[in-house]
Structure formats: structure tokens, C-alpha cells
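Bear in mind the structure is a predicted one, so any value in this text is a computation, not a measurement. Throughout, a chain's letter reflects where its sequence line sits, starting with A, and its residues are numbered from 1.
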Amino acid sequence: MIQPKTHLNVADNSGARQLMCIRIIGAGNRRYASIGDIVVAVIKEAVPNMSLERSEVIRVVIVRTCKELKRSNGMIIQYDDNAAVVIDQEGNPKGTRIFGAIARELRQLNFTKIVSLAPEVL
Amino acid sequence: MASRRLFSSLLRSTLLRSPQEFHPPTTSRPFSSSPFSPIAIRGLSRSEALTSFESNNGFVSELRNSGLASFQQTAMFGPSFSSRFMSTATDSIGFSEDIPNPVPDVPPRIKFKRLDKTGRHIMQILNKEAVEEVRAQREIPDIKPGYIVELKVEVPENKRRVSIIKGIVIARRNAGLNTTFRIRRLVAGVGIESLFPLYSPNIKEIKVLDKKRVRRAKLYYLREKMNALKNQ
């Protein structure tokens, strides 16, 4: 349940460290974003000397949430933090490595590159 | 079927013969011990009273035995059999609601105490049966909080099947067939909690690796303790 003002960790090596969500992309007045949603965020903290800088507005996709993700077979998955991966306009990740486990649902949402780079797909 | 006809013909004959003597000795209930007779304590009291009336009146004693047997047989067809008497019997409250096993040919697989009382906890009975069915199929060990457990889960979307999940059980919720348990594990530097239904067909195998001594039923304090991200 990510909403504006939520701080997100970054799960790749694109250069950002901490993001703050400012808007949820989608129809109308969407309140919350969950795993697989694209969100507009501003960089609050960045790694020095990389392509992304602080207070830059970018688009990210949510990959981990503290709010549980329910599956239709009765399984529920819940992470310990909220994290996102920086993407470009097409949906391809900007970084080259992904850290942490990724949920399987991203594959259905056409983020196949992220899923293939992930060290573990749950 | 023949017993039914015999029974009903007997009853009709006794009705014709001595209507004024017919006051059912309801205190004498030799059938209360048999498992099927209490199906119709109220509705069939007339018929069982008649059979006791017949036996008391010196009919052949084997009729009583056969009466018992046929009574048991007819008790299986109890619902439809007693409906004949429903028009005459006055206090048949127990048959106003639907019988859970409408097919009379299937032998009742559950013990009835009273038909109207079974209707109240029929969900409990169905739940228990479903759980036993799953338990007979595959072996499910006892899982308690504090156990270190390794699961083999089949993922239908993956097609590559079985993924192995290993973690500590931090909670277990008992709800019949929907009994669930939570596993906490560290995956690639992130703590992950997963909740699984215990009787899910997707869980292929459960293996208990270790048992830790815990003094709680829900180990949610591990979220602070076993948190890789917080310690930085």
C-alpha cells in the first residue's frame, strides 16, 4: 500500500538509494499502489557519481511491499520493506542488477527483464 | 421394501382393530440404544409405540427381532417412511427442516444424535471429513511455532515445479480445512513471510528439520530480531 510520501528502497544498482513516492500512475484517483504498479517518485538519496541525482523525478515499479500480496491459491507473501526498481518509459530497468527477491506476478505484468535479472523469484 | 409393506400393513391392521387401546406407552423405548432409531424420536413415536404394543400383546417374539431389523432398515428410509405418518403425527418439528442427506439409499456416514441438532454443526462435520480425506492422502506432520521446516511447493505457473522453501514457523492458525501457518525466512537479504494453507494440494512435502524451544504461540517478535535490513 504505497501512497504519496512513502519512502521506498531501491532494489537495483541504478544509483538511487531512497525514493519518495509522489504519484501513482493509473486511472483516476488511485489511493494505493502495490506490487507491480508504476509510480512516480523523487530521489531523496543517491549514490554519488552516477547517472541519477538527488531530487530527480523518475518512474519506478514497486517490487516489494510490507503489505501482503495475496495469491489465488491461498498463499500470502509479505516482505520486510517497501522497494522499487527504476524503470524508463518502456518498462525496462535502468540498472543492470536487481537485489532481493521478486514476486512472480511481475512476469505477468510484462516486466520480464526484471524477473530475469532477479536473484530469486518467489 | 417388503419389510416396509409388511410393517405398514401390520400397523394398519392394528389401527383398525383397536383404536381406543392405542395410547402409546412412550416411556418404554427399547430402541433408544440402536443408532438409527433416534432419527425419529418424535415423528416415529407412534410406530415404535405400535411395535412395542404389538410385542407386549403377545405377537410372535421373532416379530420383535425382525421388527428391530426392519425398523433399522426402515429407519434408513426414515425420512421418506415417516413422511407417511407426518399427516397423522402432530408434533413432528424435527422434520420441518431439510434432512442433510436427502438420498435415502446412501447409508448415513455420520452418527446422528438428533436430526435437527445435526443440522447445526453440519459444517463442523463436513470440515472434519474433508480434513481426514486430505490426511489419508498424504502425510502431514505436526507443525508448531518454533519448528524449522522445509517445504516443497509446486507452482503451477512455473511449470518447472517444485520450489523449496525453508524457514521457521512463526504462527499457526487452526481453522479446520483452512488451517494456515506462517513461515519466516531470509531470501537474498530480505526477510520474507509466507502464509500457506496446511492442506493445500500445492504443498508436496513438508519436512521438519529442527525444533526450537519457544514460549509463545506466535513468534512475531522475530520480525525485529531477524531483520537483515534494520541492522545497517
Side-chain angles (χ1 to χ4, degrees), chain A residues 1-2 6-13 17-19 34-36 45 47 62-85 93 95-112 114-122, chain B residues 130 134 151-173 175-204 206 218 220-232:
Chain A
M1 280 172 77
I2 311 292
T6 306
H7 279 243
L8 305 162
N9 292 335
V10 173
D12 59 4
N13 61 347
R17 270 278 156 80
Q18 275 251 324
L19 308 165
S34 53
I35 292 181
E45 189 189 318
V47 173
I62 312 275
V63 295
R64 296 200 289 270
T65 48
C66 289
K67 179 74 181 164
E68 52 274 343
L69 168 75
K70 293 190 192 178
R71 293 209 172 137
S72 51
N73 56 1
M75 267 181 63
I76 294 183
I77 294 198
Q78 182 182 344
Y79 298 91
D80 267 0
D81 69 330
N82 303 308
V85 164
T96 51
R97 285 178 63 197
I98 308 272
F99 306 118
I102 302 285
R104 206 175 303 279
E105 272 76 3
L106 286 182
R107 185 176 284 150
Q108 272 101 46
L109 295 162
N110 296 326
F111 292 108
T112 47
I114 297 181
V115 175
S116 61
L117 286 172
E120 173 119 9
V121 179
L122 287 182
Chain B
V134 177
L151 302 182
K152 285 215 177 116
V153 181
E154 171 189 304
V155 186
E157 351 172 83
N158 208 355
K159 269 167 295 181
R160 221 183 339 127
R161 290 197 72 218
V162 207
S163 44
I164 300 183
I165 294 177
K166 177 175 159 189
I168 180 170
V169 176
I170 59 171
R172 179 195 164 122
R173 175 187 184 263
L177 191 63
N178 305 323
T179 303
T180 58
F181 63 101
R182 277 195 141 180
I183 287 188
R184 187 178 169 83
R185 56 194 165 122
L186 278 173
V187 178
V190 183
I192 294 182
E193 281 184 21
S194 312
L195 183 109
F196 298 98
L198 183 61
Y199 300 115
S200 159
N202 283 335
I203 297 182
K204 290 302 166 194
I206 304 180
K218 305 279 190 294
Y220 296 142
Y221 65 88
L222 290 178
R223 286 177 184 157
E224 275 86 48
K225 243 183 144 193
M226 261 176 71
N227 201 335
L229 298 156
K230 254 198 203 164
N231 297 335
Q232 285 162 6

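Chain B forms the most heavy-atom pairs under 4.5 Å with one residue out of Pro119(A), Gly74(A), Ala83(A), and that residue is Gly74(A).
Residue-environment remark: NZ (Lys70(A)) stays at or below the threshold of 12 foreign heavy atoms within 6.0 Å. Summarising the local packing, NZ of Lys166(B) is surrounded by 12 or fewer heavy atoms from other residues, nucleotides or ligands at distances under 6.0 Å.
Note that CD1 of Ile192(B) is 7.0 Å distant from CD of Glu120(A), once rounded to the nearest 0.5 Å. The line from CG of Leu195(B) to CD of Gln78(A) is 9.0 Å long, rounded to the nearest 0.5 Å. Separating the CD1 atom in Ile76(A) from the CD atom in Glu193(B) is a distance of 11.0 Å, to the nearest 0.5 Å. Rounded to the nearest 0.5 Å, atoms CD (Glu154(B)) and CG (Asn73(A)) are 10.5 Å apart.
If you measure heavy-atom distances from Leu69(A) to chain B, you find no contacts under 4.5 Å at all.
Counting only heavy atoms from C-beta outward, the side chains of Met75(A) and Val155(B) never approach each other to under 4.5 Å.
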